[in-house]
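First the structure, in the form of structure tokens, and then the observations on it.
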Amino acid sequence: MAAINWGYGISKPRAIDIDRNNLRRSDEILHEMPELQSCIGCGSCTAVCTAGNLTEFNFRKVHTLVRRGEYEGAYELMNRCMLCGKCRLVCPRGINTRGVVMLIKRKLGDF
Amino acid sequence: MKRRVVIIGGGVAGMQTALRLHAAGIGSVILEKDSATGGKLRDWHKLFPTFTPASEVLDPLRRAVGAAGIEVRTGAEVVGLDGRGAVLADGTRIDGDAVVVATGFTLFDARIKEEYGYGIYDNVLTSADVERMLNEGTLSMKNGDRPRRIAFLHCVGSRDEKVCQRHCSRVCCVTGVKQAMELKERFPEADVFNFYMDIRMFGSGYEEMYREAQVRHNVHFVRGRISEAAPTIDGRIQIKAEDTLTGRPLRMSVDMLILLVGMRANDDNRRLADSASLTLAPSGFVQPADPFLHSVESGAEGIFCVGTVTAPKNVGETLAEAAAAADAVADYLKNR
Ligand SMILES: Cc1cc2nc3c(=O)[nH]c(=O)nc-3n(C[C@H](O)[C@H](O)[C@H](O)COP(=O)(O)OP(=O)(O)OC[C@H]3O[C@@H](n4cnc5c(N)ncnc54)[C@H](O)[C@@H]3O)c2cc1C
Ligand code: SF4
Ligand code: SF4
Ligand code: SF4
């Protein structure tokens, strides 16, 4: 007898689990670019980003997740960046945001 | 005839007011309920934003009070007052020509926020514990180990309707940043996370400290309130929060959880206020006559108020306000 399909599935846990995540890679990124840690989450970068206005790419969110050790998908998302540099013009903390894109891509490219 | 002012409370506010009055040729008596003057600063290690040892502020004040011959009565708890004096717990009345209320604040009791396990789990500390342990050189985990992961929680007992404390205590954000830096210096191998609701860096040099904690000490700031702390099998502390900037729940275990406790109004503000028709703000702090031109006057004849008895303030603000209070008292006595 075929199993009845009740329509239930197993959801992937959404929680960021810092015990499970390996923060060392994020440490390496922050070690090379300590200024990234000074982000105050203002969202100016995302507000001006053309890629972010047209796709699901959210620069602020991606680099925040990377800093929490959530690397999956970060490289692919960063690929949507066109390196136009508008975000760097507006960042109130003076973060070299384009440099952040390049660094994260370099560090997580082989993820 | 030489005038005498009764000053209630021998913290930095009371001592500085007495010194400024002395400089204006006005005598005073300080009534302090504890066994020594100094107030909260007796327990603080280094003061933000300059990491100045608290003793470097307290010692000169105490020396000057001694050198000026200002009368200090310790073990003297005031239970009532009016514009011409104060009444001690043993019924003694101390008379004067004006009264200054400088009774400070009370630390929020972290046990009330039971969900964070203060007093239940080892290694849940308050910011005040950390100051004391830094002074004693005893800061470590209960079993003597060095912590590898430390979390700070901001706004414990402040901005919280659940514990009837709506106000922001102002000094705890910068204290959290200061202690995060001190702990990173002590335990460089540890990851430090500060869980905050808003970061309020109101003073000169504070924002710069915050940035330094981020960039130079690699302190992780996570916007979100820890909902609860629970013990793990291996004796660590499991915490949960939302990382609101990524919109995802977040959890981790830590070796040390430090609660940044707020400044709340003294319980006896009500009794003191009733004895002298002072007004209390909804927060329970004494309300000055107005926040602009009469910020050190209570509104009741001959009674002045200074320092953290009226609202959370840092040491610099308190000391500056004491000069303003002494000036207002001198003015009052001149015109009487
Ligand atoms: C965790 C923490 C850390 C802090 N760190 C810093 C820092 O690094 N830098 C900074 O600038 N500020 C800091 N502050 C703020 C600082 O503690 C206050 O600005 C300062 O203590 C205010 O002094 P005060 O004299 O108004 O009050 P208090 O220090 O509270 O002194 C009041 C005095 O009055 C006495 N008293 C109370 N009631 C009575 C009564 N009924 N009769 C007689 N005597 C009475 C008390 O015993 C006490 O001695 C910190 C605060 C907290 C909570
Ligand atoms: S550099 Fe990249 S992230 Fe920044 S605004 Fe341009 S496309 Fe967006
Ligand atoms: S603009 Fe700068 S500070 Fe603001 S969110 Fe982007 S990286 Fe962070
Ligand atoms: S100063 Fe910061 S930690 Fe303290 S109550 Fe205000 S917002 Fe919360």
Side-chain angles (χ1 to χ4, degrees), chain A residues 11-47 52 56-74 77-78 91-97 99-100 103-104, chain B residues 148-151 173 177 180-181 184 188-201 206-224 226-228 230 232-234 236-255 257:
Chain A
S11 329
K12 229 175 123 201
R14 284 192 71 248
I16 299 171
D17 186 346
I18 301 289
D19 292 350
R20 210 195 49 214
N21 289 0
N22 184 354
L23 287 185
R24 294 308 144 222
R25 229 184 254 249
S26 112
D27 275 352
E28 269 172 46
I29 290 168
L30 290 167
H31 188 76
E32 273 192 45
M33 254 184 126
E35 66 194 73
L36 176 57
Q37 193 70 306
S38 77
C39 170
I40 47 177
C42 72
S44 306
C45 48
T46 301
E56 263 177 32
F57 172 56
N58 178 326
F59 174 66
R60 174 191 61 73
K61 215 162 157 178
V62 176
H63 78 63
T64 307
L65 282 166
V66 167
R67 285 185 287 137
R68 309 275 185 262
E70 294 279 325
Y71 310 121
E72 209 183 309
L77 281 168
M78 285 300 192
C91 176
R93 286 295 216 191
I95 298 170
N96 176 0
T97 46
V100 169
L103 178 61
I104 289 179
Chain B
R148 280 166 297 125
R149 198 183 283 153
I150 301 164
C173 268
V177 165
M181 292 164 88
K184 261 299 222 197
E189 70 280 15
D191 287 319
V192 177
F193 293 81
N194 280 47
F195 288 86
Y196 68 95
M197 286 19 90
D198 292 292
I199 288 281
R200 296 186 167 169
M201 292 292 154
Y206 296 7
E207 183 67 22
E208 290 84 343
M209 255 181 94
Y210 172 32
R211 199 172 195 285
E212 196 172 311
Q214 294 175 311
V215 175
R216 209 160 68 75
H217 298 265
N218 193 24
V219 175
H220 300 270
F221 285 84
V222 182
R223 201 189 78 186
I226 297 173
S227 61
E228 70 209 66
T232 60
I233 286 174
D234 54 350
R236 303 179 85 211
I237 304 151
Q238 167 90 17
I239 56 177
K240 284 185 194 163
E242 187 197 352
D243 179 6
T244 61
L245 289 177
T246 63
R248 302 248 312 258
L250 179 145
R251 57 170 180 246
M252 67 170 96
S253 52
V254 297
D255 300 309
L257 172 62

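Convention: sequence-line order gives letters A, B, ...; per-chain numbering from 1. Both backbone and side-chain heavy atoms feed into the values below; hydrogens, waters and symmetry mates do not.
For a residue to count as touching a neighbouring chain, one of its non-hydrogen atoms must lie under 4.5 Å from one of that chain's; by this rule B:Asn218 touches chain A with backbone and side chain alike. For A:Arg60, the part lying under 4.5 angstrom from a heavy atom of chain B is the side chain only. With a 4.5 angstrom heavy-atom cutoff, B:Arg216 does not touch chain A via any of its atoms. With a 4.5 angstrom heavy-atom cutoff, A:Leu65 touches chain B via backbone and side-chain atoms both. Looking at A:Leu36, there are no atoms closer than 4.5 Å to chain B (heavy atoms on both sides), in backbone or side chain. Contact of B:Gln238 with chain A is made through the side chain alone, with heavy-atom distances under 4.5 Å.
With chain B as partner, the option from A:Arg67, A:Glu70, A:Arg93, A:Lys61 having the largest number of non-hydrogen pairs under 4.5 angstrom is A:Arg93. Ranked by heavy-atom pairs shorter than 4.5 Å toward chain A, the options B:Lys240, B:Arg223, B:Glu212, B:His220 are led by B:His220. Between chain A and the options B:Ile199, B:Val254, B:Leu245, heavy-atom pairs under 4.5 Å are most frequent for B:Leu245. Counting heavy-atom pairs under 4.5 Å between each of A:Asn58, A:Ile16, A:Asn21, A:Val62 and chain B puts A:Ile16 at the top.
Using a cutoff of 4.0 Å between basic side-chain nitrogens and carboxylate oxygens, B:Arg148 and B:Asp191 are not scored as salt-bridged. A salt bridge between A:Asp19 and B:Arg149 is present, with a side-chain N of the basic residue lying under 4.0 Å from a carboxylate O of the acidic one. Between A:Glu72 and A:Arg25 no salt bridge is recorded (no basic side-chain N to carboxylate O distance below 4.0 Å).
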request  = Start with the C-alpha distance between B:Arg236 and B:Asp255, add both sets of side-chain angles, then the distance that settles salt bridge (charged side-chain N to carboxylate O under 4.0 Å, His left out), and finish with yes or no.
outcome  = CA-CA 5 Å; B:Arg236 303 179 85 211; B:Asp255 300 309; 2.8 Å; yes
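Within the structure, salt bridge (charged side-chain N to carboxylate O under 4.0 Å, His left out) pairs that include any residue of residues 34-44 of chain A do not occur (at least two apart or interchain).
Using the six-membered ring where Trp is involved, B:Phe221 and B:Tyr210 have ring planes that are perpendicular, over 60° apart on the 30 and 60° scheme.
Taking the side-chain contact (heavy atoms from CB on, under 4.5 Å) definition, one finds that A:Ala15 meets it with B:Pro249, B:Arg251, sequence neighbours left out.
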